[in-house]
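Okay, so here's the structure we're looking at.
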Amino acid sequence: AGAVVRLNRVLARTGIGRATVYKLMNQSEGGFPQAVKLTNSNARGAPVAWVLAEVLNWNRARIAARNEVAA
């Protein structure tokens, strides 16, 4: 499925904050990639990661949307 990255890398790649990442994940229209649970724990603070390719695709989609508006 590809490389996974933890939250700090997601924040660095997207330029958005932690709270915004989780808010976008909860919005169906946001299209932000869902986190992958790294353990079977459902506890708050359990380790999660994101598929790097999905995060990069989300970035590309944001750029494409900007370019469509500018055109």
Side-chain angles (χ1 to χ4, degrees):
V4 294
V5 292
R6 297 295 304 269
L7 182 61
N8 60 343
R9 294 268 315 270
V10 172
L11 302 181
R13 292 273 183 173
T14 61
I16 59 179
R18 178 186 182 279
T20 303
V21 166
Y22 286 100
K23 184 173 84 172
L24 290 173
M25 282 175 41
N26 289 325
Q27 294 175 351
S28 58
E29 72 278 0
F32 198 82
Q34 295 298 304
V36 177
K37 288 173 32 174
L38 299 179
T39 67
N40 289 332
S41 174
N42 287 321
R44 184 175 174 87
V48 296
W50 286 260
V51 177
L52 178 58
E54 293 175 359
V55 174
L56 297 177
N57 286 339
W58 183 84
N59 276 346
R60 285 192 215 43
R62 301 303 303 148
I63 293 167
R66 178 210 58 193
N67 292 344
E68 287 176 15
V69 169

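FYI, side chains are in, hydrogens and waters are out, and symmetry mates aren't considered; it's all heavy atoms of this structure. All residue numbers in this chain count up from 1 along the given sequence.
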Can you hop from [X] to [Y] via hydrophobic side chains spaced under 4.5 Å?
| X | Y | value |
| --- | --- | --- |
| Val48 | Val51 | no |
| Val10 | Leu24 | yes |
| Ile16 | Tyr22 | yes |

Checklist line | Worked check of side-chain contact (heavy atoms from CB on, under 4.5 Å) between Trp58 and Arg62 | finding: CA-CA 6 Å; Trp58 183 84; Arg62 301 303 303 148; 3.6 Å; yes
Notebook entry, point to check: When Trp50 is tested against each of Leu7, Val36, Thr14 for side-chain contact (heavy atoms from CB on, under 4.5 Å), which residue passes?
Noted result: Leu7
Provide the closest heavy-atom pair for [X] versus [Y] in the form atom of the first, atom of the second, distance.
| X | Y | result |
| --- | --- | --- |
| Gln34 | Met25 | NE2-O, 2.8 Å |
| Leu52 | Arg13 | CD1-NE, 4.2 Å |
| Leu11 | Val21 | CD2-CG2, 3.7 Å |

Check: Is Arg60 reaching over with its side chain to a backbone N or O of Leu56, donor-acceptor style, under 3.5 angstrom?
Finding: yes
Checklist line | Lys37 atom NZ, over 12 foreign heavy atoms within 6.0 Å | finding: yes
Margin query: Let me confirm one number: the CZ-CG distance from Phe32 to Asn26, rounded to the nearest 0.5 Å.
Written below: 11.5 Å
